[in-house]
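Everything on this sheet refers to the single structure shown next.
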Amino acid sequence: MAIHPLWTDDYWLLIVQLYQKSPAGVKSEYSRPVVDLALELHIPPKTLQEQMVALEEHATPSLQRLWDTYAENPRRLARDVKRLRQMAGFGFGKAFYSGMDMTLPFEHDYLPIDTEQKLTPVMLTIILSLYFQLMTNTMVSETPEVQDMARLLGLKPEEVVDVLKIYQTFDPILKREPLPHSPINDEAKLVWQRYSNEAPEVLTTTVERLKEYFKGCA
C-alpha cells in the first residue's frame, strides 16, 4: 500500500485514538471522525481507514508495540496526542509543501463553498438526491422531507429550498430561467452535471455513504 506523502509515523497515535473512539473498531471512511481527522491532516479518509485496518491487524512489530503501549493506557494516549497536536506546523505537512495549494478533492467536497455560506459540495450532492424524490410543487419549506433534510444537514428548511430551486434551473424538463453566476450556483451545476447522466443508483449509493458524516449530529 502506497503511503500518502504527508503521512508521518507520529500520526499513528491519532489512528490509535480514532480506532478506540466509541464504538471501538475500524471506522467508515465517510464517518465524521475520520473525515474531520483527514481534513486536519490533509490526508484522504480512505488512507486513514487503511491505517486503522493495519493497526487492528497489528500488521508490523512496531504496530504491535504501539498497541501494547497505548491500548490499555488511555491517559497516556491522550497526553501524547495532545503533545503531538501542540507541535508547530502540525497538520500542514513538511516545509517542502510551503506555499503550495494542499487542498485535495475530498477536502473541496467537505469545505464551505463560500465564506458566507456553510453549504458544501457534499451537502449539495445530498440535496440533489432529495430533488429527484420530490415533485416540484413540494419543494417548499413546509414539506416534511425538506425539514428532515434540513435537520440532517444542520441547515434551515429555506436553505434547502434555495438549493432545490437552483436545481430546477438545470432541469431540462422545467425550462426555468438560469440564475446569475455565484459560488453556490456554479458548484451546484457541477454536482448536477456529475450525476444527471449517471444511473440513479450511483447517486443513491453515493448519498447513503455521504450521509454518514452527518448522522448523530443532526
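Being a predicted model, the structure only gives us computed values, none of them experimental. Below, each value reflects all heavy atoms present in this structure, side chains not excepted, and no hydrogens, waters or symmetry copies.
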Practice task
Test side chain to side chain contact (heavy atoms under 4.5 Å, CB included) on L41 and L37 and set out the steps.
Solution key: CA-CA 6 Å; L41 301 181; L37 182 59; 4.0 Å; yes
Exercise for the section: Could you go through the side chain to side chain contact (heavy atoms under 4.5 Å, CB included) check for R75 and R79 one step at a time? Expected result: CA-CA 6 Å; R75 292 182 63 183; R79 181 198 65 197; over 6 Å; no
Practice task
Apply side chain to side chain contact (heavy atoms under 4.5 Å, CB included) to Q117 and I184, showing your working.
Solution key: CA-CA 9 Å; Q117 299 272 352; I184 301 298; 4.0 Å; yes
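Listed for the Q193 side chain is no donor-acceptor partner under 3.5 Å among the backbone atoms of L190. Between the side chain of T143 and the backbone N or O of T138, at least one donor-acceptor pair lies under 3.5 Å. For the pair K82 (side chain) and L77 (backbone), a donor-acceptor distance under 3.5 Å is absent. Under a 3.5 Å cut-off, the side chain of Q20 and the backbone N or O of A71 do form a donor-acceptor pair. Under a 3.5 Å cut-off, the side chain of S196 and the backbone N or O of W192 do form a donor-acceptor pair. Remark: the backbone N or O of D68 is not paired with any side-chain donor or acceptor of E72 at under 3.5 angstrom. No donor-acceptor pair under 3.5 Å is formed between the side chain of T47 and the backbone N or O of I43. Remark: the backbone N or O of I113 is not paired with any side-chain donor or acceptor of E187 at under 3.5 angstrom. A distance-only check finds a donor-acceptor pair linking the side chain of K27 to the backbone of P23 [under 3.5 Å]. In this structure, the side chain of T205 does not engage the main chain of V202 through any donor-acceptor pair within 3.5 Å.
Atoms CD and NZ, on E208 and K211 in that order, are 5.0 Å from each other to the nearest 0.5 Å. In this structure, CG on L13 lies 12.5 Å from CG on L18, to the nearest 0.5 angstrom. Note that CD of E159 and OG of S141 are 11.5 Å apart. Values are rounded to the nearest 0.5 Å. To the nearest 0.5 angstrom, L155 atom CG is 5.5 Å from L119 atom CG.
L210 and T125 get closest at one heavy-atom pair: CD1-CG2, 3.8 Å. Taking every heavy atom of both residues into account, A150 and P157 meet most closely at CB-N, 3.6 Å. Closest of all the heavy-atom pairs between Y11 and L6 is CE1-O, 3.4 Å. Shortest non-hydrogen contact noted between P112 and K118 is CB-CA, 4.5 Å. The heavy-atom pair separating V26 from E56 by the smallest distance is CG2-OE1, 3.6 Å. The heavy-atom pair separating P121 from L111 by the smallest distance is CD-O, 3.5 Å.
For the pair R209 and E29, the salt-bridge criterion is not met [side-chain N within less than 4.0 Å of a carboxylate O]. A salt bridge does not link D162 to K165: none of the charged side-chain nitrogens sits closer than 4.0 Å to a carboxylate oxygen. Using a 4.0 Å cut-off between charged side-chain N and carboxylate O, D148 and R151 make a salt bridge.
Aromatic ring centroids of W12 and W7 lie under 6.0 Å apart.
There is a path of hydrophobic side-chain contacts, each under 4.5 Å, that joins V163 to L152. Following chains of ILVMFWY side-chain contacts shorter than 4.5 Å, one can reach L174 starting from Y167, so the two form part of one hydrophobic cluster. Following chains of ILVMFWY side-chain contacts shorter than 4.5 Å, one cannot reach L130 starting from V140, and the two form parts of different hydrophobic clusters.
Legend: residues meeting ring-ring contact (aromatic ring centres under 6.0 Å, His included) with Y195, ordered by chain and number and at least two apart, are absent. Under the rule for a side chain to side chain contact (heavy atoms under 4.5 Å, CB included), the partners of T60 that lie at least two apart in sequence or sit in another chain are S62, L63.
Partner M139 forms a side-chain contact (heavy atoms from CB on, under 4.5 Å) with one of V161, L164, V160 and no other, that one being L164. R176 pairs with exactly one of D171, I166, T169 by the side-chain contact (heavy atoms from CB on, under 4.5 Å) rule, that one being T169.
Using modelled atom types, one finds no donor on one side chain facing an acceptor on the other under 3.5 Å when comparing E212 with S31. D36 and Y110 are not linked by any side-chain donor-acceptor pair at a separation below 3.5 angstrom, with hydrogens and angles left out of the test.
More than 12 heavy atoms of other shown residues, nucleotides or ligands fall within 6.0 angstrom of atom CD in Q133.
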